[in-house]
Amino acid sequence: MASSTNNNDNNNNNGSNGRNNSSHAGSGTLQALRPQVVDRYWNDIAEHFREPGFSTFDKEKSSRAVVKDPEFMRKLLLAVITDRPGQGDILPSVIAKSCCDFFSSLDQTGKTDFLRLLARDFGVLQEDVAKAAEQYATTCRTEPESKALLRAEQLLRHAVVPGHNKFFDRVSRLPGGLKFLIDMRHDLITILSQNRSDFYLSALNESLKEKLQSWFVGFLDLERLTWQSPAVLLEKITQYEAVHKFKDVQDLKRRVGPGRRVFALMNKSLPTEPLVFVQVALVKSLSNNVQDLLNDPSPGHANPAETVKCAIFYSITTQVGLSGIELGNFLIKRVVRSLKVEFPQIETFSTLSPIPGFRRWVTQSQNLGHRLLLPEEESTIARLGNERSVSGNTEEQFKAILKDQTVFSDSEAMGALRPILSRLCGRYILVEKRRHLALDPVANFHLRNGACAHRLNWLGDTSAKGMEESFGMMINYLYSLDHIEMNNQQYLQDGTISVSSQDLGFKRALEQASATQAQNSTLNCAVGQIVKTGSAHFRLLDITTA
């Protein structure tokens with residue numbers, strides 16, 4: 001940090017020399033100078049250029065402006081979005097940057113007002129769309145295959161484009177504009193979580209999501225992060241990591257060490273921003289416990305290259321502002337190709353994934369009065385309930401037992417609960433749906449990428465978070481190169497889930513689903529054959545793993 005400060009001071013004190021000698025500097029020097037040059041450019045414009053009513057904003061002035069002039073935000077947005085004849089290129093950029101500075105200065109309430117205004121007043125004008133659609137329909141009838149029809153199509157396309165798209169386009173061309181829009185969508189997603197029924201904010205979210213997807217998908221580079229990577233990149237992955245938080249510097253050093261890999265998708269316009277990144281463990285065999293991976297003191301020595309047979313993807317993190325954009329799909333496929341080149345002997349590509357919605361689904365089902373227990377499981381729950389002085393019927397006892405935190409430190413009680421929770425977890429992954437796709441978000445992500453639901457792992461994550469989310473259960477999703485394309489097609493077509501024929505939790509969940517529909521508790525299905533149980537479709541696979 002000290003050396004960075006000294007370099008900045010030297011650049012500031014000798015700025016003219018740096019500019020005079022820039023033609024002789026190498027590309028690395030130019031890259032290092034570029035952020036400072038850009039900042040100076042904007043500072044110079046802000047200092048010497050003034051348009052009545054528009055300037056850069058500090059937090060105090062911005063807050064006062066909102067309170068005293070409710071129309072201020074609308075005027076500012078209108079100035080960004082509206083094209084004025086003869087205004088040139090600089091003024092629109094200055095106003096757009098001022099608008100970004102203004103938004104960044106707002107608190108949560110101010111940002112909510114700003115985004116709602118942007119969505120409502122600068123969205124699609126429904127009257128214009130209706131008028132253009134009527135004109136298009138009339139022209140289709142009266143003048144088909146004419147220039148008038150082409151013009152009507154053009155007017156209709158223009159009418160359905162929301163005005164806020166021009167705001168996104170103009171901001172995206174600013175230095176740091178793409179990162180600003182990613183962070184703005186992060187704010188928007190947070191606000192939407194508290195205003196789920198807000199039509200305008202939902203429409204704004206979809207528009208920004210589509211814009212970000214068009215800017216990023218297909219324009220990303222795969223980069224491996226190591227201990228020698230720029231400190232700013234390593235700091236960002238520790239800041240953004242959403243699955244297994246970093247404990248300290250040694251934890252970071254271990255995760256980017258020889259027996260591990262961290263890959264990120266980067267965009268050239270955001271050289272210090274890992275947009276989505278995955279952490280991989282190179283091991284001898286399929287892993288069933290994430291603590292064993294995270295706490296391995298010497299992953300590089302324990303797994304030399306010649307003994308690596310399995311690549312475990314144990315954490316995938318996407319910046320919140322890019323949620324819903326299928327960057328993880330591209331990342332996994334490119335990482336598999338990269339690892340296959342580096343380690344051609346790897347036989348198994350798998351995840352060790354959390355099941356974040358499992359416990360919530362169990363709790364909600366119990367609160368709604370749904371029966372979760374099978375007749376043969378009721379005696380087990382009754383015995384545990386009696387031992388713990390829990391009254392009520394077996395479903396009520398089961399609910400109370402799962403709420404009792406001391407149960408999870410009782411090995412005997414956990415042993416009794418294991419087959420029950422494993423079956424329910426199998427049901428949650430395979431049978432419970434959102435429309436025709438898996439209810440669990442992580443399951444949906446991997447299954448739509450072509451993975452197979454391979455194995456449930458009892459107490460795979462014994463951290464507080466793991467116990468809170470899924471009673472400590474984790475799952476291996478298997479990326480079998482021979483089945484990925486077929487798995488992907490069948491899942492997207494009708495929700496068919498490829499599932500291992502060996503896992504007992506999955507097998508009992510499928511048997512229960514089959515029994516519920518056909519009064520037959522026997523699951524008769526050949527490997528590779530499609531099984532249909534109500535709205536759920538499955539393809540059984542028997543895949544050998546390392």
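Bear in mind the structure is a predicted one, so any value in this text is a computation, not a measurement.
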side-chain contact (heavy atoms from CB on, under 4.5 Å) test vs V276 passes for just one of N329, L220, L265, namely L265

Residues pairing under ring-ring contact (aromatic ring centres under 6.0 Å, His included) where one sits in residues 168-212, two or more places apart or in two chains, turn out to be F103-F180, H164-F168

| query | Honestly, is R334 close enough over F263, meaning NZ or CZ under 6.0 Å from the six-membered ring centre and within 45° of the axis? | reply | no

For [X], give me all partners under side-chain hydrogen bond (donor to acceptor under 3.5 Å, both in side chains), at least two apart in sequence or on another chain.
X: N444; value: Y491
X: S269; value: N267
X: D187; value: K111
X: Y314; value: Q279

Does [X] reach the side chain of [Y], with side-chain heavy atoms less than 4.5 Å apart?
X: V262; Y: V280; value: no
X: D461; Y: E469; value: no
X: L294; Y: H244; value: yes
X: T190; Y: Q108; value: yes
X: P274; Y: M266; value: yes
X: F349; Y: I332; value: no
X: R120; Y: L201; value: no
X: Y477; Y: S350; value: no

Around atom [atom1] of [X], are there more than 12 heavy atoms of other residues, nucleotides or ligands at under 6.0 Å?
X: M467; atom1: CE; result: yes
X: R434; atom1: CZ; result: no
X: K340; atom1: NZ; result: yes

If the condition is salt bridge (charged side-chain N to carboxylate O under 4.0 Å, His left out), which residues does [X] pass it with, not counting sequence neighbours?
X: D494; result: none
X: E342; result: R261
X: E326; result: R448

If you compare all heavy atoms of [X] against all heavy atoms of [Y], which two are closest, and at what distance to 0.1 Å?
X: P144; Y: L149; value: CA-CD2, 4.3 Å
X: V320; Y: I189; value: O-CD1, 3.3 Å
X: M474; Y: P354; value: CE-N, 3.7 Å
X: L234; Y: S229; value: CD1-O, 4.0 Å

Atom [atom1] of [X] and atom [atom2] of [Y]: how far apart are they, to the nearest 0.5 Å?
X: M73; Y: L118; atom1: CE; atom2: CG; value: 10.5 Å
X: L327; Y: I316; atom1: CG; atom2: CD1; value: 11.5 Å
X: Y240; Y: K245; atom1: OH; atom2: NZ; value: 11.5 Å

Across all chains, not counting sequence neighbours, the side-chain contact (heavy atoms from CB on, under 4.5 Å) partners of S197 are none

Quick check: does any side chain N or O of [X] sit under 3.5 Å from a backbone N or O of [Y], one acting as donor and the other as acceptor?
X: R260; Y: R255; answer: no
X: E241; Y: F246; answer: no
X: R173; Y: S93; answer: no
X: N195; Y: D198; answer: no
X: S146; Y: E143; answer: yes
X: N488; Y: G450; answer: no
X: S105; Y: F102; answer: yes
X: N449; Y: F445; answer: yes

Run R254 and D251 through salt bridge (charged side-chain N to carboxylate O under 4.0 Å, His left out) and show every step you take.
CA-CA 5 Å; R254 183 165 51 245; D251 189 17; 3.5 Å; yes

Donor-acceptor pair between Q154 and Y136 side chains, under 3.5 angstrom: no

Point to revise | NZ/NE/NH1/NH2 to OD/OE distance under 4.0 Å, K179 and D183 | key: yes

The complete set of salt bridge (Lys or Arg N to Asp or Glu O under 4.0 Å) pairs with one or both residues in residues 202-218, sequence neighbours excluded, reads D169-K211

So salt bridge (Lys or Arg N to Asp or Glu O under 4.0 Å) across residues 438-447, not counting sequence neighbours, yields none

Residues at least two apart in sequence or cross-chain that pass ring pair (Phe, Tyr, Trp, His ring centres under 6.0 Å) with F277, listed by chain then number, are none

